Amino acid sequence: MLDIQKIRNNPEEVKNALKKRLYDVDFTELLSWDKERRSIIAESEELKAKRNKISAEIPALKKQGKDISELLADMKNVSDTIKKMDDQLREIEGKINDFLAGLPNIPADDVVAGGKENNQVIRVYGEKPEFSFETKNHVDLVTDLGLVDYERGAKIGGSGFWVYTNDGALLEWALLNYFIEEHIKDGYEFLLPPHILTYGCGFAAGQFPKFTDDVFKVETSEVNDKMQFLLPTAETALINYHRDEILKEEDLPKKYFAYTPCYRKEAGSYRAEERGMIRGHQFNKVEMFQFTLPEHSEEALEELIGKAEKLVQGLGLHHRVSKLAAQDCSASMGKTYDIEVWIPSMNDYKEVSSCSNAYDYQARRGNIRFKRKNAKKTEFVHTLNGSGLATSRLLPAIVEQNQQEDGSVIVPEVLRKWIGKDVLKPVNSK
RNA sequence: GGAGAGAUGGUCGAGUUGGUUUAAGGCACCGGUCUUGAAAACCGGCGUAGGCGUAAGCCUACCGUGAGUUCGAAUCUCACUCUCUCCGCCA
């Protein structure tokens, strides 16, 4: 949510900033509603003050035995007028809120305009591995190694699901353990939130009302604002952890991480080249989240992306880090870095982490504030989130980048203590 | 699923025959006096949001949420949400 006062005072500035997202917006209607809203408030509050004053005098008049029937009839009219004005006010505030709720965040100054094509690669780690033999893609590798069962996954969950089996399950779980261990070391608090969330969580995160069709709804209520859904990312839960709270300055920053599966419909996004685990309806992710003071959110974003990079580096995977162009950032975010790992068979890099600064955009939607010591006013916190990391593309990257001529795969060293093996060998012969 | 109890400002808690309670009071917290320092004591401050105003300030709303009755609602009516206790069922 953007600040209505900022739009009121600098409409052109906000308009221009949003153009970076290729988003052309007209504030004339909004500003006229805003003006009307304030005039209604002024008028209705004046009447309310009158009502309060006279209502307080009525007991005394009654005691004196005066005839107040005319006064009461008069006040009845005043009350009716107030009611009408408050209805008008509610309607216009509804329009204002709907308009504001539909606007995306303002991109940071150093974020370039345009879409994906303008993303800038800012760091590259390692090199594309060279193979002197015929390589396999990850679907064949994990099948041959007995790590994943796609057919039975589809049988029991439908298209877009798979089952991690044996060493595959251990490998998946080892990744999660590795991430958890690192975040604990860095002093982040570990949370395991519910996987089913209320509509309000989706709104505060900035995913609703626009993207209600992208999540799996749970059949609890037909009413939209009571709707519950399976979380598409733990971010949706974590942003709401402190919803409607006023935090103390000295408690910030708050640093959390959570493990949850992520459930996404991904309707219509299936592409033939994205076979295997690249895009499923359910994947595992550890999510980092911070609530910070406004003046510290820039450095917090660097901390998050630094932590995520360190995790990928620990696995020894070739990857690159990009700063996203305005249009490629999700609506709530003002600045986003992506980490993509190299998937040899696809000849492409695939996202394993996305770290973003929402500035005060989500905090406004979730009403998450803080108060400085000795300050009168509250301020909105800044919120940041980052995957640390999502596993579904790591496993393909690991098996493809670490494959050997005999079809075996070398286990990254940091994971070995949980798997008990240095090398995974084919178990299924074709 | 059944029965009962409850929801008031950071916390505890008064207020429920509707109108001098404009949400009392205690605790916690902050500032000050006193003290070598601390404690105690005393004094003062101490919710959120919105509107008007250059400002001091004035006004309005909020007692779980939403509607209703009334000149006037924390207080009365209805619906809903959540929490707690007990019973039943269940992986």
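All values below were derived from every heavy atom in this structure, side-chain atoms included, with hydrogens, water molecules and symmetry-related copies excluded. Just so you know, these numbers come straight off a predicted model, no measurement behind them. Naming: A, B, ... by sequence-line order, numbering from 1 per chain.
Shown here, B:G37 forms no base pair; nothing in the strands shown gives a Watson-Crick or G-U wobble contact with both key distances under 3.5 Å. Within the shown strands, nothing qualifies as a pairing partner of B:A74 under the Watson-Crick or G-U definition with both distances less than 3.5 Å. In a base pair of the Watson-Crick type (N1 to N3 plus N6-O4 or O6-N4) or a G-U wobble (N1-O2 and O6-N3), with each distance short of 3.5 Å, B:U60 is matched with B:A49. Under the Watson-Crick and G-U wobble criteria, each requiring two contacts below 3.5 Å, nucleotide B:A14 is left unpaired. Across all strands shown, B:U54 forms no Watson-Crick or G-U wobble pair with both distances under 3.5 Å. With both pairing distances under 3.5 Å, B:C90 is matched to nothing as a Watson-Crick or G-U wobble pair. In this entry B:A5 has B:U83 as its Watson-Crick or G-U wobble partner, both defining distances falling under 3.5 Å.
In this structure, A:Phe257 has its ring center under 6.0 Å from that of A:Phe190. Proximity of the aromatic rings of A:Phe229 and A:Phe216 is defined here by a centroid distance below 6.0 angstrom, and this criterion is not met. Ring pair A:His242/A:Tyr256: centre-to-centre distance below 6.0 Å. Between A:Phe380 and A:Tyr359, a ring centre-to-centre spacing not shorter than 6.0 Å is recorded.
Shown here is A:Trp173, whose CH2 atom has no more than 12 heavy atoms of other residues, nucleotides or ligands within 6.0 Å. Environment of CG in A:Asp109: sparse, with no more than 12 heavy atoms of neighbouring residues, nucleotides or ligands closer than 6.0 Å. The number of heavy-atom neighbours closer than 6.0 Å to CD of A:Glu295, taken from other residues, nucleotides and ligands shown, is above 12. Heavy atoms of other residues, nucleotides or ligands lying less than 6.0 angstrom from CD of A:Glu413 number 12 at most. Around the CZ atom of A:Arg152, the shell of radius 6.0 Å holds no more than 12 heavy atoms that belong to other residues, nucleotides or ligands.
Under the 6.0 Å distance and 45° angle rule, A:Lys254 does not count as a cation-pi partner of A:Phe370. With A:Phe203 as the aromatic partner, A:Arg365 meets the cation-pi criteria of under 6.0 angstrom to the ring centre and within 45 degrees of the ring axis.
Between the side chains of A:Gln228 and A:Thr198, no donor-acceptor pair is found at a separation under 3.5 Å.
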Polar pairs (N or O, both sides) under 3.5 Å between protein and nucleotides 30-32 of chain B?
none

Show me the protein contacts with nucleotides 67-69 of chain B, counting only N or O atoms at under 3.5 Å.
residue, atom, partner, partner atom, Å
B:A67, OP1, A:Arg90, NH1, 3.4
B:U69, OP2, A:Lys83, NZ, 3.4

Any N/O pairs under 3.5 Å between the protein and nucleotides 8-12 of chain B? List them or say none.
none

Please write out each protein N/O paired with an N/O of nucleotides 17-19 of chain B under 3.5 Å, distance rounded to 0.1 Å.
residue, atom, partner, partner atom, Å
B:G19, O6, A:Lys62, NZ, 2.8
B:G19, N2, A:Ser55, O, 3.0

Where do N or O atoms of nucleotides 46-53 of chain B meet protein N or O atoms at under 3.5 Å, pair by pair?
residue, atom, partner, partner atom, Å
B:U48, OP1, A:Lys371, NZ, 2.0
B:U48, O3', A:Arg369, NH1, 2.9
B:A49, OP1, A:Arg369, NH1, 3.0
B:A49, OP1, A:Thr378, OG1, 2.3
B:G50, N2, A:Glu45, OE1, 3.0

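The gap from the P atom of B:A14 to that of B:A24 amounts to 14 Å, rounded to the nearest Å. Between the P atoms of B:U83 and B:C78, the separation comes to 23 Å (whole Å). One P atom belongs to B:G9, the other to B:U48, and the distance between them is 13 Å to the nearest Å. Comparing B:C84 with B:G50, their P atoms are spaced 33 Å from each other, to the whole Å. Across B:G68 and B:U75, the matching P atoms stand 14 Å from one another, rounded to whole Å. Only the C1' atoms considered, B:G72 is 14 Å distant from B:U20, to the nearest whole Å. Nucleotides B:G15 and B:C71, compared at atom C1', are 23 Å apart to the nearest Å. Comparing B:G64 with B:A5, their C1' atoms are spaced 15 Å from each other, to the whole Å.
Atom CD1 of A:Ile419 is separated from atom CG of A:Leu424 by 6.0 Å, given to the nearest 0.5 angstrom.
For the pair A:Asn52 and B:U60, the criterion of a side-chain N or O lying under 4.0 Å from OP1 or OP2 is met.
Of the residues in residues 73-80 of chain A, those lying under 4.0 Å from RNA chain B by heavy-atom distance are A:Met75, A:Lys76, A:Ser79.
Atom-to-atom, CD of A:Glu93 to P of B:A61 comes out at 15 Å; the value is rounded to the nearest Å. Going from atom NZ of A:Lys248 over to atom C1' of B:C29 covers 9 Å, rounded to whole Å.
Between the side chain of A:Asp3 and the main chain of A:Gln5, a donor-acceptor pair closer than 3.5 Å is present. Of the possible donor and acceptor atoms, one in the side chain of A:Arg393 sits under 3.5 Å from a partner among the backbone N and O of A:Glu351. Distance alone, capped at 3.5 Å, is enough to place a donor-acceptor pair between the A:Tyr178 side chain and the A:Leu311 backbone. A donor-acceptor contact shorter than 3.5 Å is absent between the side chain of A:Asn367 and the backbone of A:Ala363.
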Exercise for review: Begin from the C-alpha positions of A:Glu45 and A:Lys48 and carry the test salt bridge (charged side-chain N to carboxylate O under 4.0 Å, His left out) through to its verdict.
Suggested key: CA-CA 5 Å; A:Glu45 286 191 350; A:Lys48 282 177 188 168; 5.9 Å; no

Practice item. Give the C-alpha distance, both sets of side-chain angles, the deciding distance and a yes or no for side chain to side chain contact (heavy atoms under 4.5 Å, CB included) between A:Tyr263 and A:Val215. Key: CA-CA 7 Å; A:Tyr263 306 94; A:Val215 298; over 6 Å; no

Review point. Side chain to side chain contact (heavy atoms under 4.5 Å, CB included) between A:Leu238 and A:Asn385: does it pass, once the steps are laid out?
Key: CA-CA 9 Å; A:Leu238 294 173; A:Asn385 71 289; over 6 Å; no

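Mapping A:Lys48 and A:Leu71 onto RNA chain B by nearest heavy atom places A:Lys48 at the nucleotide closer to the 5' end.
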